[in-house]
**Student:** 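Quick one: the structure is below, and I'll ask about it shortly.
So that the names make sense, note that chain A is the first sequence line, chain B the second, and so on, each numbered from 1.
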Amino acid sequence: MTLFLAALLPALATGPADADAVKLPVPKVEYRINEASASRSPWIDANGWQLLRAPAHHYYYDVPAASVALAAAEAFMYGAKVDIHTESAGAAIFDRMLQFLREIPERGELPTLANIGVIDDGSAETGELMNLLTRRNLLYRIVAAPDLHLDLNIRLGSQQYPKSEAADPSKLAQKIRAELTDEKRLLRVYGSEVVITRLVGGGGQVRIHLLNYANRPVTGLRVRVLGNYPSWHVAAYDKPDLKLADFTASDGATEFTMPEMSTYAVIDLSKSSSH
Amino acid sequence: MHRRDFLQLATVASACAATPIDIPKYRVVSRFAPSPKPGMPGPFPGKAVRVHSEKSVDTATGSVDAPTVTEMLSRGMRSLTGAKNEQDAWANFFDASDVVGIKVNCSGAPKIFSARQVVGGIVDNLIARGIPARNIYIYERFPDQLTSVRYDRYLPAGINIFAAEASRGSSANYDPNTYVETNFFGEDDTRSNMIRLVTERFTKIINVPNMKDHAAAGVTGCLKNIAYGDFSNVARSHNREKTNTLSFIATLAMVEPLRSRTVLQIMDGLRGVWHGGPFSEDPKFRFYPKTIVFGTDPVAIDRLLLDVIETKRKAEGALSIWDRSIENVKPGRLDPHFGSFIREPGHIEYASRLGLGVYDLQQIAVTNIEV
């Protein structure tokens, strides 16, 4: 069965994948408890970096029913054109996610908010670096040349970021985080290592996308955004009555708790009380 | 930065000055002002009462003799406070208006934990003070460990039995506004938050640790139980052979309102673990000190614990808790000649430098009672 995700909102379709479509890995979390690694964090198979690198491409997933909601939400979060192939049991799940995505308030094209600019040379090394930045919620956008409005600009192969450092992308991501400093990060999440974020906004409003890659709910997720945004609206998949908890907007930052989230949530914050 | 945050950072920094190793940078966030007379070290700094009874535990079966424990509690509390009777002894700390949390230790459950008879005896005394059962909480972080003990079968109806993490890693029952922030090893989540019941419900806390070896901290007693047992996301302090327990334990224990509200330490040393702690998978590493230690000073009691564990390990031919040789670190091996981390028993002396109690044995007054 093929489900068609186009023009930001999905639609059910049939037939094989288009010949020009690029297949994406199944989004998921791999818990490698007994495996020695540079990090104790779970491994996340996320496709955000690919979708950001080539947003005009046509992609497709071939996923089990249990991964349909996550795949559809991932595609929506990055505004990608995606077909979803799945088993018949996935159709109802897809429809439910589609209904949720339709109900998210339209905010128009809001620019990506980021701390870091990545000058993408198209190499596998830069791709893997973007993958690591995505997974660690180190917000970046792809730039053609250094953007002085950003806190940090990265070009692999430069004196500051030699290609040799790309051999250990995890260590390189840590170096970038240390140079940026946590204090400057536009968005932080606490209480989960499996939620990936995206931040867009402008004109006194921001939209936060939260995508949970695990197959179980996340409870008590704490979110911090730089800037005072006293008004909020939340849309959470499978949680229609969810309210943000312990909300504060002061001292240059806004914080709130998601009491529970399943796969996906979108939070709109505004500086205007009428928002 | 709030003034309160700054003050706590300054305190940590002064303790670091005398420590010849790197101490992580901590940011403490709390809206609670310290009490003029904080619970730790409390009214009896440098004082510990050790009550021993040979008949308290049947070492063949591991069963605890409840009447003997009741007597040990009575003698210990009277000796600590100087009160003539039990009622007056407990009245030193509690009145009927209190909401009391009893911080048990279940990390070694179901093999070793804060004994039901000890916890039950404490509850009986709180109820005798007029505190309703609904205002008494037995609490831990992890529900699987806590429920395995079945305290509910041994306590009066209405006592709350509460685990902070309904599912492992859940942050829902922690206070988002009371935390310690630090980056140990590049982890993404850099906050450890205090259990919300501590900040929003409890007026007093009784700390009931066991006597155990600890692969990272050297020993786990009063300080480790109250610190790592009341905050989220603390396991991140260990990675490979390195652990930050040296400074993290005391830093957490200092955070208000935990420090001010923890008014009584009752260390359950009826059973102990001399290797492999805080767990107790292999019974050959269990031993029976048959002792309960009373005090308000967690540092003084833990200073005594260091000697208990080190003496037992020495008798068993085990690696010293003070050993810092990297070649003796063999993670995953339950062999007393090796460790999983470089242990940090210095966390107790570090806590004394922050003002949590008395470390110098010469300054600790120990009363020994035999029942």
**Student:** Where on A:Asp182 is there a heavy atom nearer than 4.5 Å to chain B: the side chain, the backbone, both, or neither?
**Tutor:**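 A:Asp182 touches chain B through side-chain heavy atoms alone.
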
**Student:** In Å, rounded to the nearest 0.5 Å, how long is the span from CZ of B:Arg191 to CZ of A:Arg224?
**Tutor:**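 The CZ atom of B:Arg191 sits 6.0 Å away from the CZ atom of A:Arg224.
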
**Student:** About how many Å separate OG of B:Ser171 and CZ of A:Arg222, when rounded to the nearest 0.5 Å?
**Tutor:**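 With rounding to 0.5 Å, CZ (A:Arg222) is 10.5 Å from OG (B:Ser171).
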
**Student:** Using non-hydrogen atoms only, which part of A:Thr219 is less than 4.5 Å away from chain B: side chain, backbone, both, or neither?
**Tutor:**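 Both parts, heavy atoms under 4.5 Å.
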
**Student:** Nearest 0.5 Å, please: how far is CZ in A:Arg188 from OG1 in B:Thr190?
**Tutor:** 4.0 Å

**Student:** Checking heavy atoms, do the side chain of B:Asn177, its backbone, both or neither come under 4.5 Å from chain A?
**Tutor:** side chain

**Student:** List the residues meeting side chain to side chain donor-acceptor pair (under 3.5 Å) with A:Lys163, not counting sequence neighbours, and say none if there are none.
**Tutor:**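 Partners of A:Lys163 under the side chain to side chain donor-acceptor pair (under 3.5 Å) test: A:Asp121.
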
**Student:** Chain A heavy atoms under 4.5 Å from B:Ser170: which part of the residue, side chain, backbone, both or neither?
**Tutor:**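 Contact with chain A is through both the backbone and side chain of B:Ser170.
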
**Student:** Check each atom of A:Glu255 against the heavy atoms of chain B and say whether the ones under 4.5 Å are side chain, backbone, both or neither.
**Tutor:**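 It is the side chain, since no backbone atom gets that close.
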
**Student:** Got a donor-acceptor contact below 3.5 angstrom from the B:Asp189 side chain to the A:Tyr190 backbone?
**Tutor:** no

**Student:** At what distance, to the nearest 0.5 angstrom, does CZ of B:Arg196 lie from CG of A:Asp246?
**Tutor:**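 B:Arg196 CZ to A:Asp246 CG: 4.5 Å, rounded to 0.5 Å.
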
**Student:** Would you say that more than 12 heavy atoms from the other residues, nucleotides or ligands in this model lie under 6.0 Å from the NZ of B:Lys111, or not?
**Tutor:**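 Atom NZ in B:Lys111 is not packed in, count stays at 12 or less.
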
**Student:** Under 4.5 Å heavy-atom distance to chain A, tell me which part of B:Asp175 shows up: side chain, backbone, both or neither.
**Tutor:** neither

**Student:** Taking atom CZ as the centre, does A:Arg185 end up with more than 12 heavy-atom neighbours from other residues, nucleotides or ligands that are less than 6.0 angstrom away?
**Tutor:**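 Yes, CZ of A:Arg185 has more than 12 neighbouring heavy atoms, counting only those of other groups under 6.0 Å.
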
**Student:** Step by step, work out the side chain to side chain contact (heavy atoms under 4.5 Å, CB included) result for B:Asn183 and A:Arg177.
**Tutor:** CA-CA 11 Å; B:Asn183 182 346; A:Arg177 176 183 171 188; 3.2 Å; yes

**Student:** Got a sec: does the CD of B:Glu281 have more than 12 other heavy atoms crowding it under 6.0 Å?
**Tutor:**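 Not buried by this count: 12 neighbours or fewer within 6.0 Å.
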
